[in-house]
Amino acid sequence: MTLKECYTAMGSDYEDVFGRLRSERLVQKFVLKFLDDECFSTLCSSLETGAQEEAFRAAHTIKGMCQNLSFTKLAASSSNITEALRAGDMAAAKDMLDSVRGDYELTAEAIRAFKAGQNL
């Protein structure tokens, strides 16, 4: 799987991120680092415990990373949950978590498949 195919598999915009970073090596570096980030697990645990501020920071960080990397699908769902948390609406945020989780898993699976194909 190429990096461009990885982006297609996760519903993202390779041309946009390449236009911004101008180097496939740089895009690859940051895409692979995404798997090491703990914000998604922090978001899930914070929503579970009711830690609204911590959940907001995690969601906002995910949204920012996704916008910078042009992870279009995950950027949209993480933006929605960020705005619910910004408004202090924990119930709405909890309702949105399944959508974010699905988009996150789709993204992570595509990146793992890309990584496996590159023998990294």
Side-chain angles (χ1 to χ4, degrees):
M1 170 184 284
T2 67
L3 191 54
K4 191 171 186 174
E5 290 168 336
C6 174
Y7 264 75
T8 299
M10 67 173 99
S12 296
D13 190 342
Y14 177 79
E15 298 304 326
D16 185 58
V17 72
F18 185 79
R20 186 176 316 99
L21 297 180
R22 310 297 293 163
S23 162
E24 184 162 326
R25 184 180 297 249
L26 198 55
V27 174
Q28 177 179 310
K29 173 184 173 182
F30 290 115
V31 165
L32 294 174
K33 281 183 176 256
F34 182 81
L35 293 176
D36 298 330
D37 187 81
E38 298 291 325
C39 285
F40 181 71
S41 62
T42 300
L43 173 63
C44 294
S45 63
S46 298
L47 286 174
E48 192 174 296
T49 63
Q52 189 268 331
E53 228 175 273
E54 188 175 17
F56 171 76
R57 278 193 305 273
H60 193 269
T61 300
I62 294 166
K63 177 183 92 165
M65 286 188 300
C66 291
Q67 288 174 333
N68 287 333
L69 291 170
S70 300
F71 291 173
T72 313
K73 190 170 183 138
L74 182 54
S77 60
S78 62
S79 180
N80 291 337
I81 200 168
T82 298
E83 293 312 310
L85 289 163
R86 185 187 312 275
D89 192 344
M90 288 291 283
K94 287 178 182 179
D95 287 344
M96 294 177 191
L97 185 58
D98 283 342
S99 175
V100 175
R101 178 178 284 115
D103 294 343
Y104 179 86
E105 289 173 358
L106 176 71
T107 300
E109 286 173 20
I111 295 169
R112 283 188 208 101
F114 168 72
K115 186 177 178 180
Q118 302 302 304
N119 295 316
L120 301 173

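Positions are given from 1 along the sequence.
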Check for a donor-acceptor pair, side chain of E24 on one end and backbone N or O of F18 on the other, with a separation under 3.5 Å. no

CA sep, side-chain torsions, deciding dist, call: L97, L43, side-chain contact (heavy atoms from CB on, under 4.5 Å): CA-CA 9 Å; L97 185 58; L43 173 63; 4.2 Å; yes

How far does NZ of K63 sit from CG of L85, to the nearest 0.5 angstrom? 11.0 Å

Would Y104 and F34 count as a close aromatic pair, with their ring centres under 6.0 Å? yes

So, using side-chain hydrogen bond (donor to acceptor under 3.5 Å, both in side chains) as the criterion, who are the partners of E109 when residues are at least two apart? none

Should F114 and L26 be regarded as members of a common hydrophobic cluster, given that ILVMFWY residues are connected when their side-chain heavy atoms come within less than 4.5 Å of each other, either directly or indirectly? yes

Any side-chain to backbone donor/acceptor pair from R86 onto F56? Under 3.5 Å, distance only. no

A84 to A92 - nearest heavy-atom pair and separation: CB-CB, 4.2 Å

So, do F71 and I111 sit near enough that their side-chain heavy atoms are less than 4.5 Å apart? yes

Group every Ile, Leu, Val, Met, Phe, Trp and Tyr by side-chain heavy-atom contacts under 4.5 Å, then state whether L32 and M1 land in the same group. yes

State the CG-CG distance between D13 and L69, to the nearest 0.5 angstrom. 12.0 Å

Residues that S12 engages under side-chain hydrogen bond (donor to acceptor under 3.5 Å, both in side chains), provided they are two or more places apart: none

Between V17 and F30, does a side-chain contact (heavy atoms from CB on, under 4.5 Å) hold up when you go through it step by step? CA-CA 11 Å; V17 72; F30 290 115; over 6 Å; no

N/O donor-acceptor pair under 3.5 Å between Q28 side chain and S23 backbone: no

SB check E15 K4 (cutoff 4.0 Å): yes

Pairwise distance OG(S46) to CD(E53) - rounded to 0.5 angstrom: 10.5 Å

Single-linkage hydrophobic cluster F40~L106, side-chain heavy atoms < 4.5 angstrom: no

Output yes when K33 and D37 qualify as a salt bridge under the 4.0 Å nitrogen-oxygen rule, no when they do not. no

Interatomic distance, R25 atom CZ to L3 atom CG [nearest 0.5 angstrom]: 12.5 Å

Give the minimum heavy-atom separation between G50 and M90, together with the two atoms involved. CA-CE, 3.6 Å

Y7 and T72: side-chain contact (heavy atoms from CB on, under 4.5 Å), yes or no, with the steps? CA-CA 9 Å; Y7 264 75; T72 313; over 6 Å; no

For side-chain contact (heavy atoms from CB on, under 4.5 Å), just list the numbers for I62 and T82, CA-CA rounded to whole Å, side-chain angles, deciding distance to a tenth of an Å, and then say yes or no. CA-CA 9 Å; I62 294 166; T82 298; over 6 Å; no

Per-pair distances, 0.1 Å, donor-acceptor, side chain in residues 73-81, under 3.5 Å, sequence neighbours excluded:
{"residue": "S77", "atom": "OG", "partner": "L74", "partner atom": "O", "Å": "3.4"}
{"residue": "S77", "atom": "OG", "partner": "D103", "partner atom": "OD2", "Å": "2.8"}
{"residue": "S78", "atom": "OG", "partner": "L74", "partner atom": "O", "Å": "2.8"}
{"residue": "S78", "atom": "OG", "partner": "A75", "partner atom": "O", "Å": "3.2"}
{"residue": "N80", "atom": "ND2", "partner": "A76", "partner atom": "O", "Å": "3.4"}

Examine distances only and state if a side-chain atom of S41 and a backbone atom of E38 form a donor-acceptor pair shorter than 3.5 Å. yes

Pair R57 + E54: basic N to acidic O under 4.0 Å: no

